[in-house]
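Everything on this sheet refers to the single structure shown next.
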Amino acid sequence: SKRATPAAGGSATGKTAAQVKVALVPGGPHPYFQPWKGAGVQAKTDFGLGETTFNETSGWDQTKQNDVIKSLAAQGYNAFGIFGVSPDNINSTFTDLEKQGFQVASLASCPAGNKNAAAFCLSTDVESAAYKAAKAAIEAMGGKGNLVHLTGNKVDSNTQRRIVGVQKAVDEAGGKVVLVQTITDIDVDLQSAQKAVADLLAARGKDVQGIVTTAYNPAVAAAAGVKQAGLSTKVVAIDDDKTILAGISDGSVSATVTQNPVGQGYVGSYVLMKLSTGCTMKQPGLVVDSGSFVVTKANVATYDTQRQARTTELKKAFDTDYLSCG
Amino acid sequence: MRLIATDLVKVFPGVRALDGVTIDLRPGTVHALLGENGAGKSTLIKILTGVHKPDGGTLRLVPDGWQAPGDAAGGAGGRELHFGGPADAQLAGIGVVHQERNLVPAFSVAENIALQRMPRSRGLVDRAAVRRLAQGCLAELEVELDLDRPVAELSVAQMQLVEVAKALATDSRLLLLDEPTSALTSEESDHLYAVVRRLRDQGRIVVLVSHKLEEVFAVADTVTVLRDGRSVARGLALGNLTRSQVVDLMVGRAHADIELGARSVDPRATPALELEAVSTAGGHRDVSLVVRPGEILGLYGLVGAGRSELARAVLGLDTITSGRLLVGGRPVTIGSVGQALREHRIGYVTENRKEEGIFLEQTVSRNVTVTVWDRLARWGVVRDRSEDTVLARYVDRLGIRLSGPRQLAGQLSGGNQQKLSLAKWLAADCAVLIIDEPTVGIDVRTKAAFHELIAELAEGGLAILLISSDLPEVVTLADRIAVMRDHQLVGEVDNDHHYTTMSGRVIRLVHGESQESGAAEAGASETGAPETGTLETGAPRPGVPAA
Amino acid sequence: MPDTTTSTASQAEPEAPAPAPVDQRRRGLPWWANPRVGLVAVVVALVAIFSGLRPSFLDVDLTLVPMQADITVFVVVGLAQLAVLSLGHMNLAVPRMAALSAFAAGFTYDKLHAPLVVGLLAALLVGTLVGALAGGIITWTGVNSFVVTLALDFGLLGLVALLYSWFTSGVAFSLHPDGMDALRSDTFNDYCAGPICGPPVPLVVPIAVVALVVVGVLFRFSRLGREILMCGSNARAALLSGIPVSRRVIQAHALSGLLCGLAGWLLAINNGAFSASVGENFLLPSFLAPVLGGTLLAGGAVSVVGTLLGAILNSVIQKGLNLLQFEVDQLQIYIGVVLLVALSLDRVRHVLADRRGVRP
Amino acid sequence: MTLPSLVETAAGPSGPRVRASLRGTEVVLAGLALAAFVVLAVTTGGNLVEPATLRAVFQFLAVPMVIGLSQMVVLAVGQMNLSVGVLTGLTAVAAAALMADRGWPAWLAVLAALVLGLVVGLANGLLVVLTRINGFIITLATMTIISGVRYGINGTGTYQGYSDGLVSLGRASVLGIPTVFLAAVVVAVLVWLFFARAVRGRQLLASGGNPLAARLSGISNDTSLVIAHALSGLLAGVAGVLVLALSGSVNASIGDDLLLPSFAAPIIGGVALAGGVVSVLGTCLAAFIVRLVDVAQAQYNINPRWVDLVVGAVVLGAVLLSQKRIGRGGT
Ligand SMILES: Nc1ncnc2c1ncn2[C@@H]1O[C@H](COP(=O)(O)OP(=O)(O)OP(=O)(O)O)[C@@H](O)[C@H]1O
Ligand SMILES: Nc1ncnc2c1ncn2[C@@H]1O[C@H](COP(=O)(O)OP(=O)(O)OP(=O)(O)O)[C@@H](O)[C@H]1O
Ligand SMILES: [Mg+2]
Ligand SMILES: [Mg+2]
């Protein structure tokens, strides 16, 4: 006969805020996640959480990430905001954690497929972010010409979604824009990205009017590469690391699509607290878009206000629409 | 300079390799160091050259003309030596040829010779000086070799000559030679010994380890004999000793030379192994041989004549391009050693023990039973106990000295390793055994035992093809002697077991019928391997003195 | 304890010679000269230190059970590398052999709706075939195994991505066969006969135990394993002793492939999906476990028990440092340092043993 | 010769014709490189020989070449260095940090990067010698440590604009040849000189080829090991400086993708894993061929899914071809 699994995390609900210890676990070290640190600290003071921590030691290895999460749980953390290294596997991790009585949020990326086993997923819609980026690139190109897409690990379903998003934007251009090449697997290190960009520009620099990048290292490399080659190719980058923002300011980057990591960390922690203290999701597994924003030279100084507004809005939406606290 | 070692002790796990050895080496002598396999000769040499640190005893160097004025250091006077490594020994003026070959395979001949004292200018190798040095040493040995050739491409004999040249290059006052002639022909050995005598006459000390007592008696002045790690005779004048006295010292008991009578072989018996006009990709042309059950066919020739390669062709390791191979009267094609062993019961004891014969890092028992695992296995599983039974049989029969079945083969002395390499084929229970240079580096008693064993195997009905460059050995053992030269058979003689007559006939065959026929030499080198011809420069002498 | 450990260790597999020319398998050495004892000591010491610093290190559900599941995978990964280290070869394609095998399993589940065990067999079969292919290329061409498996890894990387793009909508199979989730998350403790429940051991653990025993027996007792070791020890001598060296090389690589298949399947079960990223991070652990356990890169000697201990050591270090919650940079540094110290302790032990015995 | 080619021998290329086989590999690789280059040039309609393309080809050849040599130096003594990639990254990030955060002048930071590489390499070597643990394992551990330090310097951040002078020098060309490539060639020549002519270099090879013989000839194998690792570290430092000068932006990811290429170049180039044999020319040619594969990918717009398959096939093909040629030429 099969014994019921004991709830190691204690009762899932009914804690006080001070008993809630939130761990924010990114997939590995990456500039994108750095705002989570501050967001966690802010959430702790704002909502009176017992503890928040930020642990990026997963090193882009799903096995290690599972290990890290379990270690954090053993340390007494009972609510988790997780960016799954492998979107295909992460639902199993979520299920396991929930079985053991922990609150889980999928942050910054949702599991692959249509099912989300976490309580909710608060992330950029990667496909739509890529779509927006491609749109921005096409606009910068003047609505026609050849476009190249540079991105990361091809055996990651998020990469697949980005490819779909870019393709969609290109399709919508009605044949005036051609996606000449999609280069994957150049996010491992900056040198590979630089090499790929140099080769690309050497091979068809003059025929490429736009480059849309949906991964960090390729974005940095493309901005620098185009600038160095003195080409008029338009580069659209991803995120708002200061290197990229510098590129926007000096014109080497036409636009960047920023996401809302602060909002994910902050609101994510908040909702995890709410769930731990007795609220439930009206619709478990709900996917919420944390917003993506096209930043150009015009709004580079002000986009953050827009983003903060979005964060406030998100929190309110959870309070009023998504959570039921009885 | 005079080197005195007192009460040296060296312990290896499970063995006291040296257990109180004293040796006194005086200038201007050739000092023979004798002993059976595993007696500790190589260990002593390694201590004298800083390779091993002794666990006890002292090494003392007495400079020339030293007047020992009762110095504080100790009785015999002089300076006590503590070698931190081989380099220290070199600095002290000690040069050595180790028993194992120690060359850098990818380096050229010249560079290997000069390795110990690389001539340099401003941190760079002075290549002209390297060549000069190497050339000088080779010239002293009267050997011609391509200085720029990587030693990996040389034959075993050539490598050994490079080793000797390398030891000469250090210009040392004390030269230690650990079986320097094991892969050399008698002519090459003679050249070497001429050099040794010259060095002695210059006032240097030469220590010679050899199992070839004829050579020892011909060249050495004094002798130290080791037995079981102890020096049982120290610096005796060799002139006062007979061969059998020396052997008695080594063996530790009275010893009789073994007389091996001729075997009676039925000439009508179906040949166990027959080669019919075999030509190979390796260059053999029309080689025909017959070995019958119970018969030993000696295959003599100079090193490099192509005998080992012929064996390889029989085993399917080299391609036979034409001709037929018959086993037990039936034509066969052999594709691998495994097939030769399991389907045709042919075994091959390689001449190249270290590289091809044994597994240095494996246990002794695995080394012996590797050929019979298929028979020992039950359900694919081999049990240690059944292995040990097999091993025990051959340990006794061959007198292999080991500390236990789990000892690593690499820890055995050279001679015992050679026995392992034979034991594996005895265990395999073959009908035909090709034995290649079986007694290189083997002491007299073991050699005699080996000979007895080989004869016994033949008497038991085994067909044996004995490849050997040791003429006395061939004459002792073989029923017939085939002679090979430049990958061709140049003749076959029935053995009458009289060394004087047989050696004359065989050596004439080797050198193309008549001694002075330079034309025959030249003609042969057109067809065969010209490189190997360079080894035979100098006046050909029928080498081996009668015992 | 030490005595039983040493004796089982030395019975279970041929021991590895020391890196120095002198071997430690000499007689008359103290029991602690056995490398496995050193490893056990290091593991015990680390466990003591970590559980002293963080009592949660001994938490059954959150630490010990997941650790066992990890060790299960990495022991098999280590064995996969060990299978070719026995020859003195390397298999750099371990990650992608695992990925391809996992694809095969996922394919049978998703497309053929096969039961769990059929997918396992498919994974093993595919792994074996790819491994044999690697071995075949190595023997037929005589090219170094490092190069062949490196190139093969590249090739398979592309192939796996292509296969997933052909047969799935993304890069993973979404369907889970029956029993997969139970196998992943259950322990024997979840199954009770009346009041008695099993130990808190994950259901996957016995699979690794079987692999360990089979590989151990193979290399210790079987003719096949011994002949492979002989080939690793001296290929020329092996050939001249009638061992079919080419066949043994192919068999060792096939075994490596088979174990890669098993490891890939186990990881997919553990992580919950058959995806293209299975095995991505296998390469370093595959070397770490056997080498920490005393298997030489030179071939001719392997240590199966050592591989288990190496995998455990590796896992303990990871887990302990995770619990100590270092930043990512410190974590890396400490892992490296602890590895170095663990290895050097082994060396200290050698030196002491040599003092007791003799100098090399 | 069935025997040596049939199986890998642990002893390495101790069989006959070492010299011939090395030369053979070099010749085959040179032929292959030339052929690949010509085919690429023709099929891209001359695009490959445009100055801009050539510049990109050779600029990004510099680092793989030097990193291949860095690995080759330790292979020469029969060791491996798994830390070459991360060490390259560390030296680049550290030098960038010194310039950007501490305001050091470029020349001093470059010097510091080289010294850092040398010191880390030296530490690797000393650890190998003192612990007697296989270099593969030691450098596996130090690789982990170095990657931690590399990340610790600036976290996930990217350095840019640390030195305009250095970067413009790195991107400049002399007579149409990129300076970074020239630097790599100079390094290659020095390494060649070291192994061909310097006493130390010969001693390293002797230690790698037959440690026992080397020891008996009075060569300290320990010294050889330490020197080889130190030199490998120094070359990784050189690679780090090249990255720094060429790219203009560096972060903690630099070097992550260099480990396998560092092995691929020397091994395809004919260097024996067992030690004792090096081929500077072969290593550089192999790096060039691998580089051409990258270029071909960009030029032909190969479906990324097929690229790895193609790379695998090309690497194997290159090695096979050189082996086959030797097989035929030898017998
Ligand atoms: N490195 C070692 N480790 C362990 N035992 C050793 C080692 N070297 C030698 N021995 C042992 O020491 C003893 C003496 O060996 P040594 O090689 O000195 O004999 P030898 O007189 O040279 O014999 P041979 O004539 O066969 O060469 C042997 O029993 C041998 O097994
Ligand atoms: N440096 C070399 N390069 C090419 N071939 C060589 C070289 N040295 C020897 N050979 C060939 O390889 C063969 C093997 O040489 P080895 O010294 O083993 O003598 P063998 O003829 O095979 O055997 P044996 O000495 O027992 O007759 C020689 O016959 C010669 O033809
Ligand atoms: Mg000896
Ligand atoms: Mg021979």
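Below, each value reflects all heavy atoms present in this structure, side chains not excepted, and no hydrogens, waters or symmetry copies. Since the structure is predicted, the reported quantities are computational estimates derived from the model, not experimental observations.
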Flag the one option from [options] with the top tally of heavy-atom pairs under 4.5 Å to chain D.
options: B:T170, B:V125, B:L115, B:D88; result: B:V125
options: B:R120, B:M118, B:K46; result: B:R120
options: B:L103, B:N112, B:T49; result: B:L103

Interatomic spacing from CG in B:D126 to CZ in D:R197 - rounded to 0.5 Å
8.0 Å

How long is the span from the CD1 atom in D:I219 to the CD atom in B:Q116, to the nearest 0.5 Å?
8.5 Å

Using heavy-atom distances under 4.5 Å, tell me whether B:E111 contacts chain D through its side chain, its backbone, both, or neither.
side chain

B:K166 versus chain D, the contacting section by heavy-atom distance below 4.5 Å
side chain

Measure across [X] and [Y] and return the closest heavy-atom pair with its distance rounded to 0.1 Å.
X: B:P86; Y: D:G218; result: CB-N, 4.4 Å
X: B:V104; Y: D:N210; result: CA-CB, 4.1 Å
X: B:Q90; Y: D:L216; result: NE2-O, 3.3 Å
X: B:A106; Y: D:G276; result: CB-O, 3.8 Å

Selection from D:L193, D:L205, D:L212 maximising heavy-atom pairs under 4.5 Å formed with chain B
D:L205

